[in-house]
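Let me begin by handing over the structure; questions about it come next.
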Amino acid sequence: PLVFGGNVFGWTADEARSFELLDAFVDAGFNAIDTADVYSRWVPGHEGGESESLIGRWLRANPARRQQVLLFTKVGSDMGDEHKGLGRLWIERAVEDSLRRLQTDVIDLYQSHRPDPETSYEETLAAYDRLMKAGKIRAFGCSNFDARQLAEAQDSARINDLPAYQTLQPEYNLADRAGYEGPLRDLAMKQGLGVITYYSLASGFLTGKY
C-alpha cells in the first residue's frame, strides 16, 4: 500500500537518519523501497548512485532485511559522460552498477526513468526481457511516460512478442492531478498496470510544513 521514495537517502537524510527511517518503515510492516541510479546527482559533489549505495549499506548491515523488502530502481536519466537513455548497451551496464551499489543479486522492479526518443521501444523491452531471463530483474516498469508513449510501448511489446511494462510511475498527488487523471489513468486501468505515484505529498506541500 505504500512505497518509500528514496531520493532523500544520502542527500537531505544522512546515513544514520536514512537507516533509522528504513528500519522504522520495515518494522511497521511495509516492504517497498523505490530509488534510482541518478539519485542524487543534482547535489553539488554528488555523481549519482548515492541513494542506491546507502540502501546497499543498510542491507549489508542487516542481511535479513533483503528478504523483507522489494527493491525498485530506475535507469535512463543522465549519469554524465553520455551515460543515459534506454539503449541496450547502457541498460546492460547500468543494471550491473545498480546491483553492485544495492549489494543484491536481483532487482525486484527495474523502471525506465523517462522516455528515450532516440531508442526504439523494441530495443528497450528486449533488453529488459534478457535481464529477466538472466535473473537480474524480476519485473520492469516505466516512469514519466504520457498516454501516447505508454500506448506505443505496449503496442511494441505485443507486435514484437516481448513482455510489456507492468507498472507506471507518474507524478500524482492531491495538488497535481492533471498529468495522470484522464487518458493515462484510463490506459493504466485498462491494461491492469500497477501505479506507483511520486511526489505523493507534493514535495512536502501537502504535509502543511510550508
Taking the side chain as C-beta and beyond, is there a heavy-atom pair between Phe145 and Leu184 under 4.5 Å? no
Answer yes or no: is there a side-chain heavy-atom contact under 4.5 Å between Asp23 and Arg65? yes
Tyr180 and Asn173: side-chain contact (heavy atoms from CB on, under 4.5 Å), yes or no, with the steps? CA-CA 9 Å; Tyr180 176 63; Asn173 56 64; over 6 Å; no
For the CG atom of Leu131 and the CD atom of Glu96, what is their distance to the nearest 0.5 Å? 8.0 Å
Would Trp11 and Asn7 count as a side-chain contact (heavy atoms from CB on, under 4.5 Å) if you check the C-alpha gap in whole Å, the side-chain angles of each, and the deciding distance to 0.1 Å? CA-CA 8 Å; Trp11 173 31; Asn7 70 334; 4.1 Å; yes
Are side-chain heavy atoms of Leu193 and Leu150 found at a separation under 4.5 Å? yes
Using distance only, find each side-chain donor-acceptor pair of residues 79-90 under 3.5 Å and give its atom names and separation, not counting sequence neighbours.
residue: His83; atom: NE2; partner: Arg93; partner atom: NH1; Å: 3.3
residue: Arg88; atom: NH1; partner: Glu92; partner atom: OE1; Å: 3.3

Ala94 and Asp37: which non-hydrogen atoms are nearest, and at how many Å? CB-OD2, 4.4 Å
Spacing of OG1 belonging to Thr73 relative to CG belonging to Asp108, to within rounding of 0.5 Å: 11.0 Å
Val69 backbone acceptor or donor facing Arg66 side chain under 3.5 Å: yes
Got a donor-acceptor contact below 3.5 angstrom from the Ser120 side chain to the Glu123 backbone? yes
Does Ser77 offer a backbone N or O that forms a donor-acceptor pair with the side chain of His113 under 3.5 Å? no
Taking only Lys NZ, Arg NE, NH1 and NH2, and the carboxylate oxygens of Asp or Glu, determine whether Asp155 and Arg158 approach each other closer than 4.0 Å. yes
Electrostatic pair Asp186:Lys190 at N-O distance under 4.0 angstrom: no
Between the side chain of Asn160 and the main-chain N/O of Ser156, is any donor-acceptor distance below 3.5 Å? yes
Looking at every heavy atom in both Ser18 and Gly10, which two are closest together, and how far apart are they? OG-N, 3.9 Å
Kindly indicate, with the supporting measurements, whether the criterion side-chain contact (heavy atoms from CB on, under 4.5 Å) is fulfilled by Ile137 and Val95. CA-CA 9 Å; Ile137 67 174; Val95 74; 4.1 Å; yes
Is there a path of hydrophobic side-chain contacts, each under 4.5 Å between heavy atoms, that joins Leu162 and Leu168? yes
Joint hydrophobic cluster, Leu102 plus Val8, side-chain heavy atoms closer than 4.5 Å: yes
Kindly determine whether Ser98 and Glu52 satisfy side chain to side chain donor-acceptor pair (under 3.5 Å), including the steps that lead there. CA-CA 7 Å; Ser98 289; Glu52 288 183 332; 2.8 Å; yes
Hey, is CZ on Phe25 packed in by over 12 heavy atoms from elsewhere, all under 6.0 Å? yes
Please find the pair of heavy atoms, one from Val195 and one from Pro170, that lie closest to each other, and give the distance. CG1-CD, 3.7 Å
Qualifying residue, where the test is side-chain contact (heavy atoms from CB on, under 4.5 Å) with Asn144 and the options are Lys74, Gln111, Arg114: Arg114
Glu15 CD: over 12 foreign heavy atoms closer than 6.0 Å: yes
Take Phe140 and Tyr165 through the ring pair (Phe, Tyr, Trp, His ring centres under 6.0 Å) test and state the conclusion after the steps. CA-CA 6 Å; Phe140 63 90; Tyr165 285 121; 5.6 Å; yes
Interatomic distance, Ile33 atom CD1 to Leu21 atom CG [nearest 0.5 angstrom]: 11.0 Å
Quick one: does Ile91's side chain get under 4.5 Å of Tyr110's, heavy atoms only? yes
May I ask whether Leu2 and Phe72 are part of the same hydrophobic cluster, defined by side-chain heavy atoms of I, L, V, M, F, W, Y residues being less than 4.5 angstrom apart, directly or through others? no
Quick check: does any side chain N or O of Thr119 sit under 3.5 Å from a backbone N or O of Asp116, one acting as donor and the other as acceptor? no
Hydrophobic clustering (ILVMFWY, side-chain heavy atoms < 4.5 Å, transitive) - are Leu125 and Met132 grouped together? yes
Side-chain touch Val26/Trp58, heavy atoms, less than 4.5 angstrom: yes
Can a donor-acceptor pair be found, under 3.5 Å and without considering hydrogens, that links the side chain of Ser143 to the backbone of Gln169? yes
Using the side-chain contact (heavy atoms from CB on, under 4.5 Å) rule, take Tyr121 and Ile159 through it: C-alpha gap first, then chi angles, then the decisive distance, then the call. CA-CA 11 Å; Tyr121 296 117; Ile159 293 168; over 6 Å; no
When the aromatic ring centroids of Phe9 and Tyr39 are compared, is their separation below 6.0 Å? no
Glu171 side chain to Asp176 backbone, donor-acceptor under 3.5 Å: no
Least distance between heavy atoms, Thr207 atom then Leu201 atom: CG2-CD1, 3.9 Å
So, for Pro1 and Phe30, which heavy atoms are closest and what is the spacing to 0.1 Å? CG-CE2, 4.0 Å
Counting only N and O atoms by type, is there a donor-acceptor contact under 3.5 Å from the side chain of Ser53 to the main-chain atoms of Arg101? no
I want to check something: taking the side chain as every heavy atom from C-beta on, are Ile55 and Leu71 in contact at a cut-off of under 4.5 Å? yes
Spell out, as yes or no, whether a donor-acceptor pair under 3.5 Å connects the side chain of Tyr172 to the backbone of Ser200. no
Verify, without hydrogens or angle tests, whether Glu50 (side chain) and Gly48 (backbone) share a donor-acceptor contact under 3.5 angstrom. yes
Closest approach of Leu174 and Leu206, non-hydrogen atoms and distance? N-CD1, 3.8 Å
Grouping I, L, V, M, F, W and Y whenever their side-chain heavy atoms are under 4.5 Å apart, do Phe4 and Ile196 come out in a common cluster? no
Step-by-step salt bridge (Lys or Arg N to Asp or Glu O under 4.0 Å) determination, Asp97 to Arg100: CA-CA 5 Å; Asp97 292 342; Arg100 173 179 48 80; 3.5 Å; yes
Can you confirm whether more than 12 heavy atoms, excluding those of Asp161, are under 6.0 Å from its CG atom? no
With a 4.5 Å heavy-atom cut-off, do Leu99 and Thr104 have their side chains touching? yes
Considering only heavy atoms from C-beta outward, does the side chain of Arg41 approach that of His46 to under 4.5 Å? no
As an exercise, state the distance from CH2 of Trp42 to CG of Asp78, rounded to the nearest 0.5 Å. 13.0 Å
